[in-house]
Structures are given as C-alpha cells and as structure tokens.
Amino acid sequence: MNILIIGSGGRESAFAYKLSKSPRLDQLFIAPGNAGTGAYGQNVNIKVTDFEAIASFVLENAVQMVLVGPEEPLVKGIHDYFLNREDLKDIPVIGPQQEGAQLEGSKDFSKQFMDRHGVPTAASRSFDADSLAEGLVYLESQQLPIVLKADGLAAGKGVLICETLEDAKAELKAMIADSKFGEASRVVVVEEFLKGIELSVFVLTDGNSYKVLPSAKDYKRIGEGDTGLNTGGMGSISPVPFADETFLNKVEERIIKPTVEGLKKDGIPYKGFIFIGLMNVDGEPYVIEYNVRMGDPETESVLPRIESDLLDLLEGVAQGNLDQRSYTVSPKTAVTVMLVAGGYPGAYESGKEISNLENVKESIVFQAGTKEQDGKVVTAGGRVIAVTTLQDSLFDALQQATADAGRIYFEGKYFRRDIGFDLI
C-alpha cells in the first residue's frame with residue numbers, strides 16, 4: 001500500500017517510523033516532512049493546506065491512504081475536499097471531516113457537544129462582542145482562578161488562567177474587543193478552573209466502533225518543576241501511573257462511549273483519532289478539551305508502545321471494520337524528552353547545525369523542527385527533536401531518555417531533565 005502522511009513535526013516522524021515497519025507498506029510519502037522523516041519514506045515539498053497539490057500528488061503516485069497529522073488541514077476540510085472530488089472520493093483519509101473537526105476547531109462547539117451528550121466537563125459560558133458586557137458581569141459571580149479560552153485555533157496560545165477578577169476582565173476585553181488572538185478569540189469560552197492532574201487518552205474510531213490507545217501525560221511548561229511559559233510540549237510519558245484500570249473504565253464509560261455515540265446521534269461522520277485532554281479531579285475524569293488528531297509529543301510516547309501493525313488499524317478505520325481488528329501494547333514505559341531551540345517559546349534562532357545524532361543507541365530520535373541544508377541537519381523550529389526510550393520501569397526510561405537527550409548537540413539546545421519525575 002502507498003501511504004501519504006500530511007505534516008512535518010515529531011508526531012509525523014513517529015507515524016512514519018511506525019508505518020515504515022508494516023509488512024504491508026509499499027511506498028511512504030511525507031508532505032512536507034523534515035530532515036528525519038526521509039529515513040522512513042520520501043519527503044514531498046507540499047504545504048499541509050495546499051489541497052490541490054496534495055490531490056495531484058496522490059493521483060500521480062497511486063496513493064491509497066492519506067493520514068493527516070496536524071489539525072489545520074482537518075479544520076479547513078481536507079477530508080471533505082477528497083470526498084467532493086469524483087477522482088479522489090474512494091481514497092480514504094484518516095482524520096474527520098470539517099464538521100467533526102469542529103470538536104477542536106471551536107471550543108464553543110465542543111462545549112455544547114459535551115453538554116448535549118452528558119460528557120463531564122467544567123461549567124462554562126461563551127461570549128462575543130455583542131455579549132461582552134454580560135461576560136464582564138458573569139465573571140464577578142465566578143470563583144477564581146478562572147479560565148478563558150479563545151474559541152478558534154490559536155496555535156496552542158489561546159488559553160489563559162486568570163488569578164484575579166481585574167486580570168480576567170482585562171483579558172476578556174483584550175481577547176474579544178482587541179482581537180488578542182485574532183479571529184480565534186472572536187468568541188471566548190469562560191470556564192470553571194478544575195484542580196487536578198492532567199493526562200490524555202487517545203481513541204481511534206471508524207465512526208461506529210473504537211479502539212482505546214495507550215494513555216499519556218505531557219509536560220507543557222518550559223521550566224523544570226512545571227514553571228515558566230507554556231509550550232507545545234516539553235516531553236511525555238506513557239502509560240500514566242495514576243490512570244489505573246478503575247480510572248480508565250470511568251473514562252471509557254463516561255467519556256469515550258458518549259463521545260462516539262454523540263457523534264452518531266448528531267449525524268457527524270468521524271473516521272480518525274480523538275485526543276481527549278482530561279483532568280483527574282480526585283479520581284474523577286473531566287474533559288478539558290478534544291483534539292481531532294494525535295498529540296505532540298504524546299504520539300512519540302504512545303506509538304512505540306503499540307506492538308502490532310498500525311496500518312492494520314488504519315485500514316480498519318478506512319473500511320469501517322475496526323471492531324474486527326486487534327492490537328497489542330507493550331507493558332514497558334515510554335518517556336519522551338523534547339529538545340528545543342534557545343529562547344523557545346519566545347523568539348528563537350534557526351539554522352543551527354545538529355550533531356551527534358548517531359551517538360543515540362538506546363532511544364529513538366524523532367526529528368521535528370529540522371531541515372537539511374548543505375548536507376547538514378539544522379534546526380528549523382522551536383521544538384527540534386523528540387528523544388523517546390522504552391524501558392521496563394518509569395525510572396529507567398527517565399534516566400535513559402534524559403541521558404540520550406544530553407548526547408545530541410546544537411547551539412542553544414535546552415531540555416527539561418525532570419520529565420516524569422513527579423510521578424515516581
């Protein structure tokens with residue numbers, strides 16, 4: 001089978017790594033890919049939202065399945081684009097159509113969906129320019145801290161936790177009236193703050209049946225001890241020690257089943273991944289957010305633990321018979337440590353040569369923000385490389401991943417040395 005992966009980050013590197021191991025794979029293409037994905041397939045210089053160029057490439061290269069990594073092409077309707085073209089409609093796209101992608105594309109849409117289908121989540125209300133005054137009054141009646149979320153996609157930056165009423169009012173005005181996050185904050189969801197510990201559960205569904213993939217926990221803050229600015233993710237671990245069978249049964253019964261059934265009741269076709277961001281509040285799961293694709297860097301911890309052929313599961317999604325497919329998960333623990341550019345998540349420099357990649361023997365190196373330049377691998381993003389190791393214990397995995405992260409060099413390199421240590 002010829003497969004095209006859409007995307008260029010660590011998540012897509014992990015997909016390419018996993019699919020390259022399938023005995024059923026013929027050719028693997030990654031658009032646009034990065035300096036590392038070329039080891040698993042052929043990079044193709046096409047933007048993730050250039051649907052026409054993607055379509056031409058798919059037809060010219062007899063691609064039989066398209067796996068969409070990032071959210072933007074899904075929210076912009078790449079799946080619908082394929083379905084609406086006679087010459088493309090029979091080529092399966094793994095990722096929801098535009099309506100289903102609104103679970104991530106619109107926080108307001110997802111909150112209404114959860115309320116409608118009884119999925120446990122934080123209490124909230126949404127406000128726009130016409131109801132801004134009402135929103136400011138509403139804030140006065142809420143407990144602090146309070147969470148403000150831009151309704152649309154804001155590159156992971158559209159969520160604010162406000163500790164004081166003055167701050168909350170100022171930020172609500174800034175988001176709605178002053179377009180702090182552009183069009184994304186035209187509508188703002190004001191949400192109750194949930195106190196607990198976060199984790200993520202991933203589901204693969206063909207729209208009827210589903211498979212629950214391994215759980216993971218990621219670390220968003222730039223600084224050790226979970227301090228400093230939020231990032232796209234500084235590392236992750238899988239499985240999550242506190243997500244035991246009892247807790248995951250609650251997640252399945254109260255969240256996963258109502259979500260999949262809710263999509264069916266609403267007449268929303270959905271073929272792809274559902275990322276469920278959860279808060280464990282005293283042993284009870286609440287949904288913080290849905291994403292309509294796999295997470296990053298969680299994918300780099302989750303996929304190496306799946307022992308069976310990922311292509312078989314994706315084919316089950318495409319053919320609508322996922323319930324007939326089985327898969328196995330390693331009991332080992334995966335730890336991912338992210339190497340980032342100096343200055344990230346603020347302004348950072350690119351074009352720094354990366355060396356010593358070949359010195360990593362006990363871990364998998366998933367390149368993310370990298371490119372080839374004059375025969376060298378150089379930095380080309382804020383999050384540069386994910387180093388993942390699989391070991392018998394969490395402690396051993398933490399030690400190995402941290403040691404291997406230290407073996408790679410580029411100017412300005414930074415990584416957290418405490419990923420997962422809060423769980424030991």
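Sequential numbering from 1 along the given sequence is applied to the chain's residues.
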message = I'd like to know whether Lys180 forms a salt bridge (charged side-chain N to carboxylate O under 4.0 Å, His left out) with Glu171, so could you lay out the CA-CA distance, the side-chain angles of the two residues, the decisive distance to 0.1 Å, and finally the verdict.
response = CA-CA 9 Å; Lys180 178 170 181 171; Glu171 290 292 0; 2.8 Å; yes
ask   = Can you find a pair of side-chain heavy atoms, one from Leu160 and one from Phe181, that are under 4.5 Å apart?
value = yes
task = Determine whether Val340 and Thr231 make a side-chain contact, defined as any pair of heavy atoms from C-beta on separated by less than 4.5 Å.
result = no
ask   = Just by distance, do the side chain of Glu12 and the backbone of Gly9 share a donor-acceptor pair under 3.5 Å?
value = yes
message = With a 4.0 Å cut-off on N to O distance, would you call Arg416 and Asp226 a salt bridge?
response = yes
message = Would the distance check show the side chain of Ser179 and the main-chain N or O of Gly182 forming a donor-acceptor pair, the cut-off being under 3.5 Å?
response = no
query = Less than 4.0 Å between a side-chain N and a carboxylate O, is that true for Lys76 and Glu72?
reply = yes
Asn34 side-chain N/O to Thr370 backbone N/O, donor-acceptor pair under 3.5 Å = no
Contact check, side chains of Lys107 and Asp151, non-hydrogen atoms, under 4.5 Å = yes
key: Trace of the salt bridge (charged side-chain N to carboxylate O under 4.0 Å, His left out) decision for Glu104 with Arg293   = CA-CA 9 Å; Glu104 179 168 1; Arg293 35 74 190 181; 2.7 Å; yes
message = I'd like to know if Lys250 pairs up with Glu253 as an ion pair, taking the criterion as any Lys NZ or Arg NE/NH1/NH2 lying under 4.0 Å from an Asp or Glu carboxylate oxygen.
response = no
ask   = Counting only N and O atoms by type, is there a donor-acceptor contact under 3.5 Å from the side chain of Lys18 to the main-chain atoms of Ile306?
value = yes
task = Kindly indicate whether the side chain of Pro285, heavy atoms from C-beta on, has any atom under 4.5 Å from the side chain of Phe247.
result = yes
inquiry  = Check this for me, if you would: do Asp206 and Lys271 make a salt bridge, where the nitrogen-to-carboxylate-oxygen distance has to be below 4.0 angstrom?
reply    = no
query = Are Asp396 and Leu394 side-chain neighbours, meaning at least one heavy-atom pair lies under 4.5 Å?
reply = no
remark   = Only one of Val292, Val260, Thr259, Val317 passes side chain to side chain contact (heavy atoms under 4.5 Å, CB included) with Tyr270, and that residue is Val292
message = Could you tell me if the side chain of Val44 sits less than 4.5 Å from the side chain of Phe57, heavy atoms only?
response = yes
key: Charged tip of Lys217 within 45° of Tyr219 ring normal and under 6.0 Å   = yes
ask   = Got a donor-acceptor contact below 3.5 angstrom from the Ser236 side chain to the Pro297 backbone?
value = yes
ask   = Is it true that a side-chain atom of Asp418 and a backbone atom of Phe421 form a donor plus acceptor pair closer than 3.5 Å?
value = no
task = Answer yes if the ring centres of Tyr290 and Phe275 are under 6.0 angstrom apart, and no otherwise.
result = no
